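All values below were derived from every heavy atom in this structure, side-chain atoms included, with hydrogens, water molecules and symmetry-related copies excluded. The structure displayed is predicted, hence computed values, not measured ones.
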Amino acid sequence: MNASCRLIRFLAAATAFSVGGLALTSCTGDAAADGEKNGKVDVVTSFYPLQFVAQQIGGEHVEVESLTKPGTEPHDLELSPQQAGRLSDASLVVYLKGLQPAVDEGVQQAEPEHVADASTYAPMEKHSTDVHGEDHGKHDDHGHDHDSAGAGNGGDPHLWLDPLRFAKIAEGVGKELAEADPDHKKDYAKNTETLVERLHSLDKEFKKGLAGKKTDTFITTHAAFGYLADRYGLHQAAVSGIDPESEPSGARMKQLHKIAKADDVDTVFFESSASDKTAKTLARDLRLKTAVLSPLESVKKNEDYFSVMHRNLFSLRTALGAD
Ligand SMILES: [Zn+2]
């Protein structure tokens, strides 16, 4: 709904029945141009986790589309002219500034009526290839290797892999959706609450599930798990950087050999969608197992955020000796 349409509805409500009928007719006329699809709120999201949030909160009132198609790598998404156009005619665009440069640029040009930028609900931090989460309750000064960083400022965009940061994002998206479609704001508030509760339970499951771990360190190809490591007191040692396609240096490989020996690492994780040649070579050289840790940048049919996070927890428990 556009601003003038909202104003008309407001006036209609204020003057009760006198002009209400007239106001409604003038509003239904441009419904299609207004970002409503089959009578539903038209929401465009940039990639899977945000699509999931919009669907969970919007429920039956929304029609949600994702710009990143299943099975494709979101980091280097290119927008087709048609997709760029969708950014301007959607009722609400949900994206994460700093993850996909093409989407950042598209949003800037399209100036959508309602925008939910996930990076504004949970601040990003700068993460290097090694992230050492601190155990809760322990407050020593040992290497805190992350600083706060703004979007596009080299901040780590993988916020959704920490259930509690993801809960903050859910709250922000819920509020923006209520602004885009105030008629259903009660439903959106209720659905947001349910989702946030489920994310808090997931957080408890991770805490409990990893409590008995024998080592803190996990090696992964894609440096996507910095916030997760941070939350649960783990050490993420990534083969390459935030961008899964970047090639690791020889020096980095040597470092990883050392880390694996010193920290009793027995598994190298790779994500199913990216190339895993490096991980396999590393695993073979060190005689380590390989397993999948999903960054949830895309999911398969019949999977969702929670089912994949549960599988990630299971894989971590096995690799860290917590089972
Ligand atoms: Zn990623």
Side-chain angles (χ1 to χ4, degrees), residues 43-54 64-69 72-79 83-84 86-88 90 92-112 114-131 133 144-177 199 220-231 236 238-246 271 273-274 293-299 305:
V43 182
V44 171
T45 61
S46 58
F47 75 119
Y48 175 72
L50 299 180
Q51 177 192 357
F52 179 72
V53 164
V64 182
E65 179 188 324
S66 173
L67 295 173
T68 309
K69 299 300 164 211
T72 59
E73 165 58 44
H75 284 270
D76 33 47
L77 176 78
E78 303 279 346
L79 291 185
Q83 284 181 315
R86 294 284 292 117
L87 290 173
S88 46
L92 170 66
V93 173
V94 187
Y95 80 122
L96 173 55
K97 193 174 179 182
L99 176 70
Q100 298 164 291
V103 178
D104 296 355
E105 202 180 300
V107 170
Q108 204 178 13
Q109 281 170 8
E111 296 181 353
H114 291 280
V115 179
D117 169 7
S119 77
T120 60
Y121 310 131
M124 283 190 198
E125 290 170 0
K126 249 182 197 158
H127 287 153
S128 61
T129 45
D130 285 86
V131 175
H144 218 262
D145 37 8
H146 32 80
D147 317 299
S148 58
N153 212 0
D156 177 359
H158 302 90
L159 296 159
W160 63 92
L161 290 160
D162 165 19
L164 296 187
R165 283 181 173 87
F166 199 43
K168 293 274 172 230
I169 292 173
E171 283 169 355
V173 172
K175 277 192 191 125
E176 198 56 45
L177 188 54
L199 288 166
T220 168
T221 45
H222 181 185
F225 305 92
Y227 296 105
L228 188 130
D230 186 33
R231 179 67 65 198
Q236 166 184 264
V239 175
S240 49
I242 299 288
D243 180 348
E245 302 296 314
S246 59
E271 57 170 323
S273 66
L293 199 57
S294 168
L296 266 151
E297 291 174 354
S298 138
V299 297
Y305 179 85

_Heavy-atom closest pair, residues V93 and V107_ = CG1-CG2, 4.1 Å
*Side chains of D104 and Y95 in contact at under 4.5 Å (non-hydrogen atoms)*: yes
*Can you name the closest pair of heavy atoms from L50 and A118 and give their distance?*
CD2-CB, 4.0 Å
*Going by heavy atoms in the side chains, are F225 and P295 under 4.5 Å from each other?*
yes
*asked:* Can you give me the closest heavy-atom contact between A238 and T221, atom names plus distance?
replied: CB-O, 4.5 Å
*Shortest non-hydrogen contact from E297 to Y48?*
O-CB, 3.9 Å
*H158/H222 under side chain to side chain donor-acceptor pair (under 3.5 Å): CA gap, chis, key distance, verdict*: CA-CA 11 Å; H158 302 90; H222 181 185; 3.2 Å; yes
*So how far is it from I169 CD1 to L164 CG, rounded to the nearest 0.5 Å?*
11.5 Å
*What heavy-atom pair brings S46 and L96 nearest, and what distance separates the two atoms?*
OG-N, 3.9 Å
_Under 3.5 Å donor-acceptor, S88 side chain and P112 backbone_ = no
_Heavy-atom donor-acceptor pair, Q100 side chain to P74 backbone, under 3.5 Å_ = yes
*asked:* Let me confirm one number: the CG-NE2 distance from L92 to H114, rounded to the nearest 0.5 Å.
replied: 7.5 Å
*Report the distance from atom CD of Q83 to atom CG of L77, rounding to the nearest 0.5 Å.*
6.0 Å
*Please examine the side chains of L67 and L87, heavy atoms only from C-beta on, and report whether any two atoms are closer than 4.5 Å.*
yes
*Got a donor-acceptor contact below 3.5 angstrom from the D156 side chain to the M124 backbone?*
no
_Determine whether L296 and Y305 satisfy the following criterion, side-chain contact (heavy atoms from CB on, under 4.5 Å), listing intermediate values before the conclusion._
CA-CA 7 Å; L296 266 151; Y305 179 85; 3.8 Å; yes
*Is any side-chain heavy atom of V94 closer than 4.5 Å to a side-chain heavy atom of V64?*
no
*Roughly how far apart are D130 CG and Q236 CD, rounded to 0.5 Å?*
8.0 Å
*Which pair of heavy atoms, one from V173 and one from Y121, lies closest together, and at what distance?*
N-CE1, 3.8 Å
*Quick one: pull up CZ in F52 and CZ in F166 and give me the separation to the nearest 0.5 Å.*
7.0 Å
*Hey, does the side chain of Y227 reach the backbone of E125 with a donor-acceptor pair shorter than 3.5 angstrom?*
yes
*Between OG of S298 and NZ of K69, what distance do you get to the nearest 0.5 Å?*
11.5 Å
*So do the side chains of R165 and D230 get within less than 4.5 Å of each other, counting heavy atoms only?*
yes
